[in-house]
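Structure first, then comments.
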Amino acid sequence: MAVNKWTAAEVAQKVIDNEKLFILDVRNKDAFEDWKIEGKQFDYLNIPYFELLDGVEEILPQIPTDRELLVVCAKEGSSIMVAQMLDEVGRKAAYLEGGMKSWSTYLEPIKIGDLTGGGELYQFVRLGKGCLSYMIIADGEAVVIDAVRFADIFVDFAKAKNAKITHVFDTHLHADHISGGRQIAEATGAVYYLPAKDAEEVVFDFENLTDGLKVQIGAADIAVEALYSPGHTIGSTSFVIDNRYLLTGDILFIDSIGRPDLAGLAEDWVGDLRSTLYERYRELIDDLIVLPAHFMIVEELNADGSVAKRLGDLFAENHGLNINDEEEFRTTVTDNLPPQPNAYKQIRQVNMGKLKPSYDEQIEMEIGPNRCAVR
Amino acid sequence: MENTKILDAKGLACPMPIVRTKKAMDALQSGEILEVHVTDQGSLADIPAWANAGGHEIIEQSEVAGVLVFRIKKA
């Protein structure tokens, strides 16, 4: 009985290449409706594995035969069982190694572009969670921004590029995922920066990320400049990289804008969000390429899998940047907000250093989509 | 306590707790009770969902020191 095993990396490649795929997701209906593997050309059937214990014959007519079939479950056990059952009745099927647990943690590094004097900018796309992290490399030095919790991946990536990580930034105190920033700084001797306004309850040492802070990387003269841009949180800070890229954190996304309520103060921060998006960002040049800290839907991915778009285009196309009436803007971003991310209060505590969950507990906390935006 | 059968599925990973539970349930008569002991946290959502799909009733559910105990009445 040979059922194929696919890794999360192989599935990620199919998402990026826009391949066709049929996914039989054998998790609970609730789990499937909440969160699944998204692909532009993926089709789905959700039947919990425990409804298939007597056999899979009944569902065969619902599975198309003209494309590959992947069985997915939470960890992998049930998907192996179901893939084998399918194999026994003559339907070739693969299963996802490590299940959704592994999908949630997979990171795909994508080069965004070259910088002045031979520098490089990379985006790390966490497809299963919609998180985006960044690394700027030049002349043997590296800066990391909004790193997710897999510190080793960033440390090893810099090592492979013969670069020493000197600065680690978080644009704000994250509520949807656990930051790897502090661990990276500890492992490499880099300095870890957080906006102090978000960090009143933080229990470890950090440097204050302030408006106008400027860091030069390497001898190449690449500037990383901080721009205070509150609204998602009171401390939220953006970065302009090499006068070409704008890292917006959770303030501005490709097809949506940041939500102001995850630290509990939607009403207070909606005004900040408005002035960041409608005043501060408008003073910047339109040709900056926006690089957000999240994407919400696969339609936001470019052909190479990256998530990036010209600021001027977003001013024209992003609905959240085109609500002229202030009152309507206030209502849009404070009423009818989507559900909050899974365990967001606990995740904030972890990022403050107050909670120290085990590896498995961290996985549990981060299950599900990020939900940092409002459309 | 009326006829209660106990199934020890501790230490088993998904899908085995449900596979064993189903097998044990198949051997019972309608109205009899199966008490399942599991440590796989995935069972927390899966056993009630499975029972619900089959019309079985969870009459008691508890957790002691990481062990989940379900008392399920056969439909």
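Reckoned from all heavy atoms, side chains included, excluding hydrogens, waters and symmetry mates. Chain naming here is simple, since letters A, B, ... match the order of the sequence lines and numbering starts at 1 in each.
Interface remark: Asp26(B) contributes no atoms to any contact with chain A (heavy atom separation under 4.5 Å).
For the options Ala45(B), Gly54(B), Ala13(B), heavy-atom pairs under 4.5 Å to chain A are most numerous at Ala45(B). Of all the listed residues (Glu364(A), Glu76(A), Met81(A)), the one sharing the greatest number of non-hydrogen pairs under 4.5 Å with chain B is Met81(A).
Within 6.0 Å of CD in Glu186(A) there are more than 12 heavy atoms belonging to other residues, nucleotides or ligands. For NZ of Lys40(A), the number of neighbouring non-hydrogen atoms (other residues, nucleotides, ligands) closer than 6.0 Å is greater than 12. Other residues, nucleotides and ligands place no more than 12 heavy atoms under 6.0 Å from the NZ atom of Lys5(A). Heavy atoms of other residues, nucleotides or ligands lying less than 6.0 angstrom from CZ of Arg20(B) number 12 at most. Within 6.0 Å of NZ in Lys345(A) there are 12 or fewer heavy atoms belonging to other residues, nucleotides or ligands.
With rounding to the nearest 0.5 angstrom, the CD atom of Gln41(B) is 10.0 Å from the CG atom of Asp360(A).
Between Asp46(B) and Arg27(A), none of the side-chain N atoms (NZ, or NE/NH1/NH2) sits under 4.0 Å from a carboxylate O, so this pair counts as no salt bridge.
Between Leu53(A) and Lys23(B), every side-chain heavy-atom pair lies at or beyond the 4.5 Å cut-off.
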